Amino acid sequence: DGGITQSPKYLFRKEGQNVTLSCEQNLNHDAMYWYRQDPGQGLRLIYYSQIVNDFQKGDIAEGYSVSREKKESFPLTVTSAQKNPTAFYLCASSTDSGTEAFFGQGTRLTVV
Amino acid sequence: QQPVQSPQAVILREGEDAVINCSSSKALYSVHWYRQKHGEAPVFLMILLKGGEQKGHEKISASFNEKKQQSSLYLTASQLSYSGTYFCGTEHRGSTLGRLYFGRGTQLTVWP
């Protein structure tokens with residue numbers, strides 16, 4: 001079955017540590033996105049990529065980094081520079097404009 | 001560029017109707033609607049495209065007023081399964097197509 005997979009579902013890290021969230025899709029989608037969700041805030045775009053080896057900052061990119069070495073994979077690194085990293089992170093993919101975005105199940109990151 | 005959703009929350013009895021509105025300050029190319037249950041991934045409901053074309057997967061209707069830069073989602077004869085948070089996502093003309101800006105969400109609760 002085609003889909004988009006995020007792992008792990010829950011992640012705990014100590015303050016000051018970098019952590020990488022995985023996102024893999026087998027839908028053959030060109031575009032992939034990372035969103036952060038906080039209570040009452042909606043989904044805010046961190047980074048997006050429309051093609052392999054290219055990506056753009058979204059609205060809240062500070063303290064995050066990404067790579068897009070393969071079409072199927074778009075990992076997100078939450079660095080120690082991110083001031084408030086505890087949140088629910090969602091990865092999504094789509095084929096083109098005007099088409100639905102498919103979301104992964106999310107990773108809930110807790111930094112203590 | 002975040003669209004504004006209203007109302008913030010709705011409480012219904014099973015069988016009642018609801019309308020959720022989404023308004024943008026920017027010219028729209030398309031409007032996407034998603035529903036999210038707590039702790040889960042958003043699920044696609046509908047896309048409304050410039051020119052009036054609709055693409056949806058459920059028995060939920062919506063409207064798209066390009067001139068007013070608004071969309072409304074109509075939930076009729078609500079069921080318990082309709083409970084969740086509804087998000088609109090907007091694609092803007094003049095912006096990167098495929099990139100969505102999400103509203104803060106409307107929390108819908110349906111009681112038996």
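A quick note: this is a predicted structure, and the numbers were derived from the prediction, not measured. In the text below, chain A, chain B and the rest are named by the order of the sequence lines, each starting its count at 1.
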Engaged part of [X] at the chain B interface, taking heavy atoms whose separation is under 4.5 Å:
{"X": "Arg108(A)", "result": "side chain"}
{"X": "Leu43(A)", "result": "both"}
{"X": "Ala101(A)", "result": "both"}
{"X": "Gln56(A)", "result": "neither"}
{"X": "Phe102(A)", "result": "neither"}

Pairwise distance [atom1]([X]) to [atom2]([Y]) - rounded to 0.5 angstrom:
{"X": "Leu90(A)", "Y": "Phe102(B)", "atom1": "CG", "atom2": "CZ", "value": "9.0 Å"}
{"X": "Gln41(A)", "Y": "Arg104(B)", "atom1": "CD", "atom2": "CZ", "value": "4.5 Å"}
{"X": "Tyr34(B)", "Y": "Phe103(A)", "atom1": "OH", "atom2": "CZ", "value": "5.5 Å"}
{"X": "Tyr33(A)", "Y": "Leu100(B)", "atom1": "OH", "atom2": "CG", "value": "6.5 Å"}

Do you know which of Ala92(A), Gly106(A), Gly40(A), Gly104(A) has the most heavy-atom pairs with chain B at a distance under 4.5 angstrom?
->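 When all of Ala92(A), Gly106(A), Gly40(A), Gly104(A) are compared, Gly40(A) has the most.
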Give a yes or no on this: more than 12 heavy atoms of other residues, nucleotides or ligands lie within 6.0 Å of atom NZ of Lys37(B).
->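 Counting other residues, nucleotides and ligands, NZ of Lys37(B) exceeds 12 neighbours.
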Over 12 foreign heavy atoms within 6.0 Å of NZ, Lys26(B) |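 For Lys26(B), atom NZ is not crowded (no more than 12 foreign heavy atoms under 6.0 Å).
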Measuring heavy-atom distances to chain A, does Gln107(B) have an atom under 4.5 Å in its side chain, in its backbone, in both, or in neither?
->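 Contact with chain A: none, neither part.
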Cluster overlap [X] with [Y], hydrophobic side-chain contacts below 4.5 Å:
{"X": "Ile60(A)", "Y": "Phe87(B)", "result": "no"}
{"X": "Ile60(B)", "Y": "Leu48(B)", "result": "yes"}
{"X": "Val78(A)", "Y": "Phe55(A)", "result": "yes"}
{"X": "Val66(A)", "Y": "Tyr35(A)", "result": "no"}
{"X": "Tyr48(A)", "Y": "Ile4(A)", "result": "no"}

Can you name the nearest heavy-atom pair linking Phe88(A) to Glu40(B), along with the distance?
-> CE2-O, 3.9 Å
Taking all non-hydrogen atoms of both residues into account, name the closest pair between Glu100(A) and Phe44(B) and its distance.
->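 In terms of heavy atoms, the two residues are closest at CB-CD1, 3.3 Å.
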Paired with Asp59(A), the side-chain contact (heavy atoms from CB on, under 4.5 Å) test is passed by just one of Arg99(B), Gln2(B), Gln1(B), namely Arg99(B)
